[in-house]
Amino acid sequence: MNPLLDVFVGSYGEKNEETIHWLSFDPLIGKLAKVAAFEGIDNPSFVEINTDKSCLYAISEVKQGEVVCYGIDPLNNQLTEWNRHPTHGGPCYIEVNGDHVFVSNYTGGNLVVYRTNENGKIEEETDCIHFSTESRLHTIRRLPKSNYYVATDLGQHKLYFLHFNQETGKLQRRFEVETPYPSGPRHIDFHPEIELFYVVNEFDSTILAYAYDLEKELVHLQQRVSTLSSDAKQENYGAEVQCNGEFLYVSNRGHDSITTYEIINNGLLNKLSVSRLGSKWPRHFQSKIPGDKYVIVANEHSNELIVMEKTIQDGWVNSNQRYAVPRPVCVKLM
């Protein structure tokens, strides 16, 4: 059995440069290797893959951004551009659910919905919801096993909850929650077993744990914890958060570290370690790797992916496996 995993990396760069990278990852020894690299898109700062693994979607993070749909050919290691659509702003996140793709625009302050066909190709835009001129929509995520979505507004320090109509492709705003000022809510992940989600904040380097009841449309802040060690002095910006039910991980840009929390009673967090990376500006990472032994970190300012290996003490150490990529900002497993 071939243990190699396919990894896609989005990086900042111009369309005449290789900005999407297809790599293989060996989860037995923690090694990355090149499969292919592709030009043709400016600043694909976030990429996502559909459930069927037939399509890769990439946003082009420019002033008048686009979402680009690629067909994946695993036999020939090729991406074929199928089409692209405007996003009505500067996009920064993609969420895929069945036959719809959702994009959040950091500049433009809006959310856009697209319908896809049976092959995953984007067919049409079905909705565009605008917020305030000060809004900076950073993420949109589907709440598990529901038709509700939550979006983070980093500019207004708010979380928006929306109901999605699968038939019409329309989002309806239902309610909103203010996060503690000046948090700057950025990315979200969910506990896999209980109705709890976690928000990493860019401005104050904290994690917020929220319990929710969608039937009553209630959200309650359960916990607010720092992502940094008590002696940290560097200016820092929280970036990515990922939860597997047993542990939660956060990346810190500036402090250049990965923080590990144990998930204890009712989904609350107990900080275990803050692991320095020896690399700069961990914009994104991938921890949901079979075997739970490695994490792949995209370090934007040091132009590399590094592989961190889990320690007995539930922290991370650099495995010295590195892969050079100019300005990597997103890493996804297929």
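Treat the numbers as computed from the prediction; the structure is a model and nothing was measured.
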Nearest atoms (heavy-atom pairs only) where S45 meets C330: O-CB, 3.5 Å

Before giving the answer on ring-ring contact (aromatic ring centres under 6.0 Å, His included), spell out for H138 and Y93 the whole-Å C-alpha distance, their side-chain angles and the decisive distance to 0.1 Å. CA-CA 7 Å; H138 212 300; Y93 201 91; 7.6 Å; no

With heavy-atom distances below 4.5 Å as the criterion, would you say the side chains of V295 and Q286 are in contact? no

N/O donor-acceptor pair under 3.5 Å between T179 side chain and S183 backbone: no

In this structure, is the centre-to-centre distance between the rings of Y323 and H21 below 6.0 Å? no

Exam field: side chain D189 to backbone C243, donor-acceptor pair closer than 3.5 Å: yes

For the pair Q242 (side chain) and F285 (backbone), establish whether a donor and an acceptor sit closer than 3.5 Å, ignoring hydrogens and angles. yes

Please check: side-chain N/O of K271 versus main-chain N/O of S226, any donor-acceptor pairing under 3.5 Å? yes

List for me each residue that meets side chain to side chain contact (heavy atoms under 4.5 Å, CB included) alongside L272, sequence neighbours excluded, and say none if there are none. F247, T260, E262, N270, D314

Can you tell me if H157 uses its side chain to pair, donor with acceptor, with the backbone of Y181 under 3.5 Å? no

Is any side-chain heavy atom of L5 closer than 4.5 Å to a side-chain heavy atom of S24? no

Kindly indicate whether the side chain of E300, heavy atoms from C-beta on, has any atom under 4.5 Å from the side chain of H284. no

Within the distance-only criterion (no hydrogens, no angle test), does the side chain of D127 pair as donor or acceptor with the backbone N or O of L171 below 3.5 angstrom? yes

Is any side-chain heavy atom of Q223 closer than 4.5 Å to one of Y210? no

Judged by atom type as modelled, is there a donor-acceptor pair below 3.5 Å linking the side chain of S60 to the main-chain atoms of P44? no

In this structure, which one of F164, F46, Y57, Y114 forms a ring pair (Phe, Tyr, Trp, His ring centres under 6.0 Å) with F102? F164

When you measure from the side chain of S275 to the backbone of S257, do you find a donor-acceptor pair of N or O atoms at a distance under 3.5 Å? no

Which of these, H85, R84, H100, sits in a side-chain contact (heavy atoms from CB on, under 4.5 Å) with I122? H85

Short question: side chain of N105, backbone of T87 - any donor-acceptor pair under 3.5 Å? yes

Centroid-centroid under 6.0 Å between Y294 and W316 rings: no

dist N165:CG -> Q172:CD (nearest 0.5 Å) comes out at 9.0 Å

Could you list all the side-chain hydrogen bond (donor to acceptor under 3.5 Å, both in side chains) pairs where at least one residue sits in residues 34-44, not counting sequence neighbours? none

For E134, does the CD atom sit with more than 12 other heavy atoms under 6.0 Å from it, leaving out its own atoms? yes

Apply the hydrophobic cluster definition, ILVMFWY joined by side-chain contacts under 4.5 Å directly or through others, and give me every member besides L75. none

Kindly indicate, with the supporting measurements, whether the criterion salt bridge (Lys or Arg N to Asp or Glu O under 4.0 Å) is fulfilled by E240 and R283. CA-CA 7 Å; E240 171 67 349; R283 171 75 170 260; over 6 Å; no

Scan for salt bridge (Lys or Arg N to Asp or Glu O under 4.0 Å) pairs involving residues 101-122, sequence neighbours excluded, and state none if there are none. R115-E124

With a 4.0 Å cut-off on N to O distance, would you call K53 and D6 a salt bridge? no

What I want to find out is whether K310 reaches D292 closely enough, with some N-O distance under 4.0 Å, to be called a salt bridge. yes

Whether Y212 and F197 hold their rings parallel, tilted or perpendicular, with breakpoints at 30° and 60°: tilted

D213 side chain to K216 backbone, donor-acceptor under 3.5 Å: yes

Which hydrophobic side chains are connected to L269, either touching it within the sub-4.5 Å cutoff or through other members that do? I194, L196, Y198, V200, I207, V225, V241, L248, V250, Y261, I263

Min side-chain heavy-atom separation Y12-T19 under 4.5 Å: no

Does some side-chain heavy atom of V274 sit less than 4.5 Å from a side-chain heavy atom of I258? no

Just distance, no hydrogens or angles: give the donor-acceptor pairs under 3.5 Å from side chains in residues 147-155, sequence neighbours left out.
from : atom 1 : to   : atom 2 : distance (Å)
Y148 : OH     : E217 : OE2    : 2.8
Y149 : OH     : N97  : ND2    : 2.6
T152 : OG1    : T139 : N      : 3.1
T152 : OG1    : R186 : O      : 2.9
D153 : OD1    : R136 : N      : 2.9
D153 : OD1    : G155 : N      : 3.1
D153 : OD1    : Q156 : N      : 3.0
D153 : OD2    : S135 : OG     : 2.7
D153 : OD2    : Y160 : OH     : 2.7

Heavy-atom side-chain contact between V325 and E304 under 4.5 Å: no

ILVMFWY cluster, L208 and V219 together (side-chain gap under 4.5 Å): yes

Hydrogens and angles aside, do H88 and E125 bring a side-chain donor and acceptor to less than 3.5 Å of each other? yes

Please check if any side-chain donor atom of N201 sits under 3.5 Å from a side-chain acceptor atom of S205, or the reverse. no

